2 protein chains.
Amino acid sequence: MTSVPEMRPFAESLPMALLQAREVAMRYFRPLLAEHDLTEQQWRVLRALTSADDALDAGELAARTLLLAPSLSRILAHLDERGFVTRTIDPTDQRRTLVELSPLGAKQVAQIAPESERLYAEIEAVFGDGELHALLESLHQFARKADPDPS
Amino acid sequence: MTSVPEMRPFAESLPMALLQAREVAMRYFRPLLAEHDLTEQQWRVLRALTSADDALDAGELAARTLLLAPSLSRILAHLDERGFVTRTIDPTDQRRTLVELSPLGAKQVAQIAPESERLYAEIEAVFGDGELHALLESLHQFARKADPDPS
DNA sequence: TGGAGGAAGTTAACATGTGTAGTAAATTTC
DNA sequence: GAAATTTACTACACATGTTAACTTCCTCCA
């Protein structure tokens, strides 16, 4: 009989709790994104570019969207095909690719944003405004303090 | 000029905060899993079976690991090949597949568990024991209260 | 100054995630 | 008791996660 040493209950582990919470949150947004034929990751890219309000190089964009470079590369190819972003080589450093939201891409974001905000407000309402902000603060603090490699 | 309506800053959104926090947490465990040639998802399955301490049907296992049935199906095929789990048809309900941790699988878990617990303790130490428990409690509460479809 | 070493990005290969459709066994319904 | 429904799993298609290899370009220093 191979007995397993004491481990905390699976369902109560931090990684599972985070995954479960994210799953719950994303259930609000998935139908909206599906309506507009956007994956979660594609939306993250459009969102990050909107928030940056300027061109970003691929590395910076990867960091902000928490995507790996190879994934981002493919995603950008798709978004470029659909006309939502433009890619240009940085003239000051030709290794870098500058990514910018196109007018069509901005239009797409503008079309989705209101409904997205409505869903976010729904989450706030259900969970409680104060609780949500406390959770966010706790998450940010965790990311700051626990990051083993704050690159 | 297509102006985008007010949206909360991308980096402060709940889905990104959850993703970022999970990313930070997983950075502790990935090297350990890689050493043992296990993906995150495979480990979730082994962990869930260990925690259950009994055979689970595929549906229940999918629910507990937050995996979709098609993903779980493939993962189980791989774990079966490696001899970590066994799959048998439930004699009392032949629709169901019962999944059980094999002795070899249990041995594998037993080999990883101590180091995993050590890493978990490291996170507790860095972030603070109280803060971590508060965060976990908040995450569980969010999952309970905000789930739009508590199946 | 030019070549070694490093950095940025892409491509490739394989596994998993996600959604849709299909299949088989059990259950329900009439 | 047979058709319709339910339940669980499987098959397939496409997108992403992950690692490694490769290309091109930049930096730096002997």
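Just so we're on the same page: letters track the sequence lines, and every chain starts at 1. All of these numbers come straight from a predicted model, not from anything done at the bench.
Remark: P of D:dA15 and CD of A:E40 are 15 Å apart, rounded to the nearest angstrom. Separating the CZ atom of B:R44 from the P atom of C:dT16 is a distance of 11 Å, rounded to the nearest angstrom. The separation between A:L72 atom CG and D:dT18 atom P is 14 Å, rounded to whole Å. In this structure, A:D57 places its CG atom 12 Å from C1' of C:dA7, rounding to the nearest Å. Between the CG atom of B:L19 and the P atom of D:dG17 there is a distance of 9 Å, rounded to whole Å.
Nearest to the side chain of B:I75, among C:dT18, C:dT10, C:dT16, sits C:dT16. Nearest nucleotide to the B:S73 side chain, out of C:dT16, D:dC9, D:dT10: D:dT10. With distances taken from any side-chain atom of B:L68 to the nucleotides C:dT18, C:dT10, D:dT24, the minimum falls on C:dT18. Taking only side-chain atoms of A:Q94, from C-beta outward, the nucleotide of C:dT16, D:dC26, D:dT18 with the closest atom is D:dC26. You'll find that the side chain of B:H78 is closest to C:dT16, out of D:dT16, C:dA8, C:dT16.
When atom types are taken as modelled, the side chain of B:S71 and the backbone of B:L67 share no donor-acceptor pair closer than 3.5 angstrom.
A:D147 CG to B:R27 CZ: the interatomic distance, rounded to the nearest 0.5 Å, is 4.5 Å. Once rounded to the nearest 0.5 Å, the distance linking CD of B:E40 with CG of A:L19 reads 8.0 Å.
Checking B:P70 against B:D93, the closest nucleotide of DNA chain C that is more toward the 5' end is the one next to B:P70.
Under a cut-off of 6.0 angstrom, the local environment of CD1 in A:I89 is sparse, with at most 12 non-hydrogen atoms contributed by other residues, nucleotides or ligands.
For the pair B:T39 and D:dT18, the criterion of a side-chain N or O lying under 4.0 Å from OP1 or OP2 is not met.
For B:R74 against C:dG17, a side-chain-to-base donor-acceptor contact under 3.5 Å is present. With hydrogens and angles ignored, no donor-acceptor pair closer than 3.5 Å exists between the side chain of A:R30 and the base of C:dG19.
Backbone-only contact: B:A58 has heavy atoms under 4.0 Å from sugar-phosphate atoms and none from a base.
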